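Here's the structure we're looking at; comments come further down.
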Amino acid sequence: MSSLRNFSQETLNGGNTAYAQRVHELHEDYGFDFVALGLAAFHGSPLHWIYSAGASGERYKRISLAPGHGIGGIVLKAGKPMLFTDIDRELDPREYSSYPIVFAEDLRSFLALPVQRHTRVVGVLLCAFRSTDPGHQQLYDRLCAELEGGLCDLGVITSDAFDFEEVAQASEEAAKEQYLGKSVVSKLIAAQEEERIRISRTLHDGIAQELLGVRFLLQRIILCQQGVGVCTESPADNAAQAQMVLDTVLDELHNISVELRPSTLDHFGLVSALRSQALVYRESYGVQVDFEVPEEMERMEPAYETQIYRIIQEALLNSCKYSGADRALVQINDAGSWIEARVVDHGEGFNVDAPVIRGSGCGLQGMRERAKIIGATLTFSSGESGTVVSLVAPTGRNAKKEEDAR
């Protein structure tokens with residue numbers, strides 16, 4: 001098992017002074033606003049940003065990126081550099097939320113380079129600015145030339161970068177015009193289709209590829225036992241590595257199932273489902289979610305409980321994605337036939353009357369539609385001190401009791 005580990009526990013805990021010093025040197029020498037070195041404990045495991053300089057807070061440390069997700073996960077899995085000299089110009093605004101570190105550190109220009117050990121990609125070096133400038137490209141070129149010699153004991157891949165210019169989407173203004181021309185129903189349908197496409201891509205490009213890797217490892221075990229070819233690792237090591245990859249796949253499947261329909265909601269109710277979802281958001285966006293909720297809650301009528309869950313879930317997701325806050329708070333008061341819920345953050349607010357279109361562009365409208373379906377009242381309050389989303393909704397308990405009494 002130990003032979004499969006790329007790094008010591010001390011290194012993964014941030015105790016490698018050589019890595020820490022080199023990150024700080026790059027930060028100072030090039031004038032980057034933010035530099036971070038992310039590492040994965042072993043092949044197929046999540047990447048964590050461990051060594052940094054210029055961080056605006058501690059949020060980035062809580063981000064856990066599965067292979068293929070976020071800047072670190074994409075670069076880790078593909079083994080290719082990723083470069084954006086102007087995020088607002090080169091990246092569709094609807095894609096921002098796919099890169100948690102961009103939100104956590106408010107990045108506008110960055111270069112992410114795969115780092116490797118013994119020809120295997122084991123981490124990512126991220127060098128970034130919180131502003132844009134034509135001169136950044138020259139700095140990135142100079143950095144790549146310097147790092148061709150490696151980073152401490154790690155090799156660095158500096159060529160064959162993703163070419164996002166060729167696949168750049170329409171400008172934000174064009175996206176707004178397209179959005180404004182859609183009806184509420186068509187926007188909701190479009191959002192559902194985008195979600196299906198995202199899940200399909202995750203299954204095909206993520207989970208399916210990981211399972212192919214497991215199949216390869218199992219085939220290698222069989223060949224080694226048959227004495228065919230050269231076995232560089234023992235069958236036990238290959239089996240252990242396959243188990244690690246399967247653990248990652250199970251985590252990804254769990255996250256997908258939670259997003260689609262959390263079993264916790266059906267079995268344990270609203271609060272448990274929200275706590276489970278909060279753990280997923282913490283790993284994805286680095287935001288700590290606190291709860292002020294009753295210790296025990298009577299179950300609600302399922303249709304009401306589902307809509308209430310989806311509204312709070314969307315409010316919490318928006319807070320984690322867009323507010324820039326390190327923490328969010330979920331408050332719930334149960335009055336029997338009615339429930340009052342609030343999602344609070346102290347981050348960057350938004351114009352409630354004319355919100356900037358982000359993501360699929362129908363989150364707030366979708367929340368309003370859900371509230372309308374169950375006869376709930378939904379209000380938004382947002383400004384420099386943060387955002388509060390308040391929901392007062394019926395629980396359907398009285399109607400259920402009356403029906404049972406009949």
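Note that the structure is predicted; figures quoted are calculated from it, not measured.
Partners of A376 according to the side-chain contact (heavy atoms from CB on, under 4.5 Å) rule, which considers only residues two or more places apart in sequence or in another chain, are A371, I374, L391, A393, P394. In this structure S52 satisfies the side-chain hydrogen bond (donor to acceptor under 3.5 Å, both in side chains) test together with Y60, sequence neighbours excluded. Applying the side-chain hydrogen bond (donor to acceptor under 3.5 Å, both in side chains) test to E148 and every residue at least two apart in sequence or in another chain returns nothing. By the ring pair (Phe, Tyr, Trp, His ring centres under 6.0 Å) test, F291 pairs with no residue at all, sequence neighbours left out. Partners of D141 according to the side-chain hydrogen bond (donor to acceptor under 3.5 Å, both in side chains) rule, which considers only residues two or more places apart in sequence or in another chain, are Q137. When the salt bridge (charged side-chain N to carboxylate O under 4.0 Å, His left out) test is applied to E25, the partners found at least two apart in sequence or on another chain are R22. Scored by the salt bridge (charged side-chain N to carboxylate O under 4.0 Å, His left out) test, D290 finds R327 as partners (sequence neighbours excluded). Under the salt bridge (charged side-chain N to carboxylate O under 4.0 Å, His left out) criterion, D334 pairs with R397, sequence neighbours left out. Shown here are the side-chain hydrogen bond (donor to acceptor under 3.5 Å, both in side chains) partners of Y19, two or more places apart in sequence or in another chain: R117, D153. Scanning for salt bridge (charged side-chain N to carboxylate O under 4.0 Å, His left out) contacts around R299 gives E305, with sequence neighbours left out.
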Checking L211 against L246 for the side chain to side chain contact (heavy atoms under 4.5 Å, CB included) test, could you report, in this order, the C-alpha distance in whole Å, the side-chain angles of both residues, the deciding distance, and whether it holds? CA-CA 7 Å; L211 290 177; L246 286 175; 3.9 Å; yes
So R310 and Q313, side chain to side chain donor-acceptor pair (under 3.5 Å) or not? Walk me through it.
-> CA-CA 5 Å; R310 292 301 186 191; Q313 177 194 34; 3.0 Å; yes
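Every pair tested for salt bridge (charged side-chain N to carboxylate O under 4.0 Å, His left out) that includes a residue from residues 29-44 fails, sequence neighbours excluded, so the list is empty. Every pair passing salt bridge (charged side-chain N to carboxylate O under 4.0 Å, His left out) that includes a residue from residues 44-65 is listed here, sequence neighbours excluded: E58-K61.
Note that SG of C152 is 8.5 Å distant from CG of L37, once rounded to the nearest 0.5 Å.
Counting only distance, with no hydrogens or angles, the side chain of Y51 and the backbone of N16 share a donor-acceptor pair below 3.5 Å. Remark: side-chain polar atoms of S276 are not paired, donor with acceptor, to backbone N or O of S272 under 3.5 angstrom. For Y285 (side chain) and A104 (main-chain N/O), no donor-acceptor pair under 3.5 Å exists by modelled atom type. Formation of a donor-acceptor pair under 3.5 Å by the E301 side chain with backbone atoms of A303 is found in this model.
Here the closest non-hydrogen pair linking I312 and V343 is CG2-CG2, 3.9 Å. The two atoms that bring S56 and R130 nearest to each other are N-NH2, 3.7 Å, heavy atoms only.
For NE2 of H27, the number of neighbouring non-hydrogen atoms (other residues, nucleotides, ligands) closer than 6.0 Å is greater than 12.
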